[in-house]
There are 2 protein chains.
Amino acid sequence: MESEELRNVGLKVTTPRLKILGLLENAKAKHITAETIYRQLGESGEAIGLATVYRALAQFEAAGLITRHQFEGGQTVFELERGPHHDHIVCVRCGRVEEFYDKVIEDRQREIAENFGFTLKDHALTLYGECNDENCLGRTG
Amino acid sequence: MESEELRNVGLKVTTPRLKILGLLENAKAKHITAETIYRQLGESGEAIGLATVYRALAQFEAAGLITRHQFEGGQTVFELERGPHHDHIVCVRCGRVEEFYDKVIEDRQREIAENFGFTLKDHALTLYGECNDENCLGRTG
DNA sequence: TCGCAAGTGAGAATGGTTCTCATCTTACAT
DNA sequence: ATGTAAGATGAGAACCATTCTCACTTGCGA
Ligand SMILES: [Zn+2]
Ligand SMILES: [Zn+2]
Ligand SMILES: [Zn+2]
Ligand SMILES: [Zn+2]
């Protein structure tokens, strides 16, 4: 249950937090902005203050429940951290987001950091391109 | 000369643009924020409006003279686009930035995009870690 | 040298995010 | 169950990097 998840990371179980977690699980889009969370909760009658949404997301991130991504030209998006690590490829025309994991790249990153004498803590990799989805191609030609 | 560079990309040669380009070339830090450019020009008696700095940077970027990077938790930084493409590794303690190019990673990116049916246009890769610089280690232990 | 399209700068506006603070809740002990 | 203290909430203000506005200035081809 979601209550467990909150307790496990040392957060009090509150209605706003449960609603936000629940929305992250059930939202159609996996990568979602704070604004969207705020708006969707409002529309479904579960009004939560925007400040609370931001606060909860920051806490969830600190607790490792979610991750945050900043795709170029867009606002910050959040996603539930379930399953293994992955990076993203984003269509610059339609905004479609796909996920991938590439062991070759992950390994090289570690080697590169090592060569510079860095202890690798994190990385951000996003590919940008134009997708071949029919709904995307249809828009611009 | 810098005037050439501006003319070559179809921009009028103006004093503000020349000063900003010049600063980008001579600044100690290669990766620099708009604010810093604004402040450093001001300090050296070459006051330029902040809006002009942002405008010029946007035009330089569109013209391919500079690139823009958004390292996590920091403001946007700009750097002169001279020499081959590279990505970055950033120390999360002291902010030190190093550059690298890795053919293996670059090639894999292209393959991944292809597999998703995307035409790769761009990518953003930044590694975050803790460096072993003495000035860095000294700070936190 | 002129004329005007283009550029500039001060300050206002924007917009995403964070902060403030008075008011609620949760979690825990009685 | 009830009291209570620590923590959470929400409305709106504040923040801050960036962009916009607009009256004035400048680069540059004719
Ligand atoms: Zn994802
Ligand atoms: Zn697309
Ligand atoms: Zn660089
Ligand atoms: Zn360091």
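Predicted model only: the values in this text are computed from it and were never measured. Letters A, B, ... are given to chains in the order of the sequence lines, protein chains preceding strands, and every chain is numbered from 1.
- Annotation: salt bridge (charged side-chain N to carboxylate O under 4.0 Å, His left out) contacts involving residues 48-71 of chain A, sequence neighbours excluded, comprise Glu61(A)-Arg68(A).
- A salt bridge links Arg96(B) with Glu98(B): the distance from a Lys NZ or Arg NE/NH1/NH2 to an Asp or Glu carboxylate oxygen falls below 4.0 Å.
- Looking at residues two or more places apart in sequence or on another chain, you find a ring pair (Phe, Tyr, Trp, His ring centres under 6.0 Å) between His88(B) and His31(B), His69(B), Phe71(B), His86(B).
- Chain A approaches DNA chain C within less than 4.0 angstrom (heavy atoms of the protein), and the contacting nucleotides run 5' to 3' from dG16(C) to dA27(C).
- The span of DNA chain D lying next to chain B, judged by atoms under 4.0 Å from heavy atoms, is bounded 5' to 3' by dA17(D) to dC28(D).
- For residues 2-29 of chain A, no residue pair satisfies the ring pair (Phe, Tyr, Trp, His ring centres under 6.0 Å) rule, not counting sequence neighbours.
- Remark: Lys28(A) engages Gln40(A) in a side chain to side chain contact (heavy atoms under 4.5 Å, CB included) (not counting sequence neighbours).
- In terms of the side chain to side chain contact (heavy atoms under 4.5 Å, CB included) criterion, residue partners of Ala63(B) (sequence neighbours excluded) are, by chain and number, Val9(B), Leu65(B).
- For the pair Arg17(B) (side chain) and Ala56(B) (backbone), a donor-acceptor distance under 3.5 Å is absent.
- The stretch residues 52-60 of chain B touches DNA chain D through Tyr54(B), Arg55(B), each having a heavy atom within less than 4.0 Å of the strand.
- A 4.5 Å side-chain heavy-atom check between Asp87(A) and Asp102(A) finds every atom pair outside the cut-off.
- At a non-hydrogen distance threshold of 4.0 Å, nothing from residues 61-74 of chain B comes into contact with DNA chain D.
- Axis angle, first five pairs versus last five pairs of the helix from dT1(C)-dA30(D) to dT30(C)-dA1(D): 30°, rounded to 10°.
- Heavy-atom distances under 4.0 Å link DNA chain D to no residue of residues 16-37 of chain B.
- Residues passing the side chain to side chain donor-acceptor pair (under 3.5 Å) test with Glu72(A): none are found, sequence neighbours excluded.
- Counted by atom type alone, Gln70(A) and Thr76(A) present one or more donor-acceptor pairs between their side chains at under 3.5 Å.
- Looking at Ile66(A) and Leu24(A), their side chains come closer than 4.5 Å, going by heavy atoms from C-beta outward.
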